[in-house]
Amino acid sequence: MRILFIFYFLALPMLLFSQKKFSKEFDINSKYQSSTDTVRAKKPQKVATIDMYRVITLERDTTYIDTSLTIQKEYSHNYLRKDNFGLLPFPNDGQTYNTLQYSLTEFSPYPEFGFKAKHFNFLEANQIRYCSVATPVTELYFKTTQQKGQSVDSFITLNTSENLNFSMAYRGLRSTGKYINQMSSTGNFRFTVSYNTKNKRYFANTHFTHQDILNEENGGITTIEDFESENIDYKNRQRLEVYFTDAKSFLKGKRVFLDHFFRVNPTKGANNLYVTHQFNYENKFFEYNQATVPSTVNGSVVYRFGDSFKDSGINDQTHYNKMYNKAGLVYENTTLGKFQFFVDDFRSNFYYNKLLVFDNRTVPSALSQKINSAGGQYEYRKNKWNGKFLYSRSITNQSLSNLDAKLQYDLDDENQVTFQYQNINKLPNNNYNLYQSSYIDYNWSNDFKNEKINSFTANATTQWVNASLQFSVLNDHLYFDDVSTASQKLANTQIVSPSQYNGTINYLSVKLSKEIQFGKFALDNTFLYQKVDQQDAILNVPEIVTRNTFYFSNYFFKKALYLQTGIVFNYFTKYYANDYNPVVGEFFVQREKEIGNFPNLDFFINARIQRTRIYFKAEHFNSSLTGNNFYSSPNNPYRDFTIRFGLVWNFFQ
């Protein structure tokens, strides 16, 4: 929280002065007067247009700062700050999400840290955005949380000159939740710098991030019968018994990142040669802490995760650091496109502070890896065609490769189609091959084979409908499995272990989106169909996921107020949803309980006044009408009826 206070201390003076100087005529959606104008303005006015307020990705794709109020802004006004269709949130803000749409899963050929259930709000290097703005810009986000707490996201960016930009942001959350031992406290600090020389020969983007995610872990409710009974005594969710009252998990990470390139030839022409380099140093830390080992279920003592080396004070700690360097040469021809050749160096260390020897087996203290790869990339942009072809392969002993081909055709400004094929030979994430814990059955040292992933995707963005299709073939798929015996399940003991599926999994998804407008009313629809072909129930997803929003939009008070109000309907069919295990920070496959088949209705009223967007929502207001059959995972109920308020406020100096 100290970082947040420092940020507000630095930002507040700029906010005050920017509001004092700001013109009432301002409209970011068209053109506006700069605050550098004076009231004596006989001089020509300085005008900045929206294309001078750019947001740039690592791949150098550019969008613009947008202060409009649309239904998409309603979908993204949440903890993740993005449309979370296909993700099922847990009861409290700041907790994990169950994945309904498997095609949201992204893969890297390199071995990652793991603990994926803890990373939904962890910003990776390719998710950081860089800016270039004509005048300083500030954005403040706020939203109420479950019970006590708040969710905030503060962002400020400015250019000290045309070629140098700084930005600083902090996203913070604290939410107590409605259940025992469910508090969340998270923070994401990021600082970016973008620079280019005046002659446009050298460009650099760099950032620093410090992120921490703390969750109290209650392990879910112990008796779902109490929840489903709708007994008035349990309307206060604090009365429902949970497995743990003093357990918690903590993920922390820091990253220093630099991506830059230099044009060798002094003047840009039809043929250009560039030298590129990317550097990424990151360290992460995951801790599972549980002061009291035994749990109580209906008055009986339960050892939820089996036998342990300790009677109390479990404190499992996993450390990780990574250094990545990538250097390349790019030849650019205005007719033929860009040809890039690169080599990279990946080094990581996944480690504990001890070596374990027990039951005639040894669990090492560290897993260190050094991987070198070489590859090439071709880009073509001309007229209506846009294509990229990438291939890389390890030149060290590890078998690692990545083939990624993407082609886009723009029929016109409103219609485009995209095709992508990806073939990845992926090394296992580190926590599949090594893990140490105070729980005896949660210690392993494996040597799994690489995962093989073939995926074909087609997307169509048209004026009639948006459609996407994905077909993936998974071989040697890695997952966490419930390996508890029948007697252990009877004793409420949960043992989870990594496994590798020897069969083939075929996954198909079709997603359609269409908004139908009639006057001031609109119906926005998103429909997802999924089908999995497999011999065993390993990859489990709901067959149908849908979201339908009926809403009204109009201007009021001489167009000073823009209002949107409506109802959102969310639904997914029943399926054997993955369960969550806090010891390993991962979801695992279970085949005991189905969840789903419950309607979820939200009512919202949103308004825009100048550059301020105000959000009011009654979430899951039908929860008391459908019965207590709503879950996020087999023993974690979904959210009850909650009234939420929030806003997004933009300042332009």
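Just so you know, these numbers come straight off a predicted model, no measurement behind them.
Note that the OG1 atom of Thr70 and the CD atom of Gln72 stand 6.0 Å from one another [nearest 0.5 Å]. Remark: Asn98 CG to Phe120 CZ distance equals 7.5 Å, nearest 0.5 Å. Atom CG in Leu434 sits 13.0 Å away from atom OH in Tyr351 (nearest 0.5 Å). The CD1 atom of Ile614 lies 7.0 Å from the CG atom of Leu647; values are rounded to the nearest 0.5 Å.
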Do Tyr432 and Glu586 pass the side chain to side chain donor-acceptor pair (under 3.5 Å) test, and can you show the C-alpha distance, the side-chain angles, and the key distance before you say yes or no? CA-CA 11 Å; Tyr432 283 111; Glu586 296 274 6; 5.2 Å; no

Audit row: Thr186, Tyr79, side chain to side chain donor-acceptor pair (under 3.5 Å) steps and yes/no: CA-CA 10 Å; Thr186 70; Tyr79 170 59; 3.2 Å; yes

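Between the side chains of Ser167 and Thr157, no donor-acceptor pair is found at a separation under 3.5 Å. For Asn188 and Asn121, the side-chain atoms include at least one donor-acceptor pair closer than 3.5 Å. In summary, the side chains of Glu287 and Gln317 do present a donor paired with an acceptor at a separation below 3.5 Å, with no hydrogens or angles considered.
In summary, Lys284 and Glu124 engage in a salt bridge, as defined by a charged side-chain N under 4.0 Å from a carboxylate O.
For the pair Arg81 and Tyr141, the cation sits on the ring face: its NZ or CZ lies under 6.0 Å from the ring centre, inside 45° of the axis.
The ring of His620 has its center closer than 6.0 angstrom to the ring center of Phe630.
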